Amino acid sequence: MSRPADVPAEARVRRVMDQYMTECQTNGTRPSVFALATKLGLSNTTFRRHFPDLAKEISTVRSNPEPATAAEKHPSPYEILAARNTKLRRANRSLTENLRFAAAQIQRLAVDNARLCEALEASSKVTRIDRTGRPGH
């Protein structure tokens with residue numbers, strides 16, 4: 001024979017249950033009798049034996065989720081695909097703009113480099129020898 005469990009008062013159980021139900025609504029999870037019994041330090045069977053009305057209330061809430069919140073929490077596969085597609089289009093647009101900007105910067109730097117090289121050669125009085133224009137080649 002097992003020893004009798006320390007069963008809490010119904011007012012305390014109701015308070016803990018209200019807090020637990022609020023947590024479940026906030027988190028979007030379904031409540032369970034087992035989880036509430038665990039919070040109170042009781043076994044599932046002991047809880048159901050001493051608080052059958054509360055167990056039934058939790059079971060009813062668990063088996064009949066609110067249809068509006070259930071639809072919001074679980075989007076359809078099409079909605080998931082559409083959201084991913086939109087996200088990918090946005091990322092693609094951003095990357096394309098960044099690529100255009102980078103190409104323009106590289107072109108500008110190439111032009112600046114050529115001008116600076118010409119200015120350096122002019123200030124140093126460097127004479128270029130054109131290899132392609134020599135006779136015989």
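Bear in mind the structure is a predicted one, so any value in this text is a computation, not a measurement.
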- Query: Would you find more than 12 non-hydrogen atoms of other residues, nucleotides or ligands less than 6.0 Å from Arg89 atom CZ?
  - Reply: no

- Query: What pair of heavy atoms forms the shortest contact from Lys39 to Tyr20, and how long is it?
  - Reply: CE-CD1, 3.4 Å

- Query: Do Val33 and Ser59 have side chains that get closer than 4.5 Å, going by heavy atoms?
  - Reply: yes

- Message: Ignoring hydrogens, what is the shortest heavy-atom contact between Asp6 and Leu42? Give both atom names and the distance.
- Response: O-CD2, 3.8 Å

- Message: Looking at Glu121, is its backbone amide N or carbonyl O close enough to the side chain of Ser124 to form a donor-acceptor pair, meaning the two atoms are under 3.5 Å apart?
- Response: no

- Taking all non-hydrogen atoms of both residues, which atom of Val61 and which atom of Pro31 are closest, and how far apart? CG1-CG, 3.8 Å

- Roughly how far, to the nearest 0.5 Å, is the CD atom of Gln105 from the CD atom of Gln107? 10.0 Å

- Heavy-atom pair of closest approach, residues Pro8 and Leu40: CG-CD2, 4.5 Å

- Note on the structure: Heavy atoms of Ile58 and Ser32 approach each other most closely as CG2-C, 3.8 Å

- Message: Quick check against the 3.5 Å criterion: does Ser94 have a side-chain atom that pairs as donor or acceptor with the backbone of Arg90?
- Response: no

- Looking only at heavy atoms, which two atoms of Ser43 and Ala37 are closest? And how far apart? O-CB, 3.8 Å

- Item | Side chain to side chain, Glu57 and Met17, heavy atoms closer than 4.5 Å | yes

- Between CZ of Arg48 and NZ of Lys56, what distance do you get to the nearest 0.5 Å? 12.0 Å

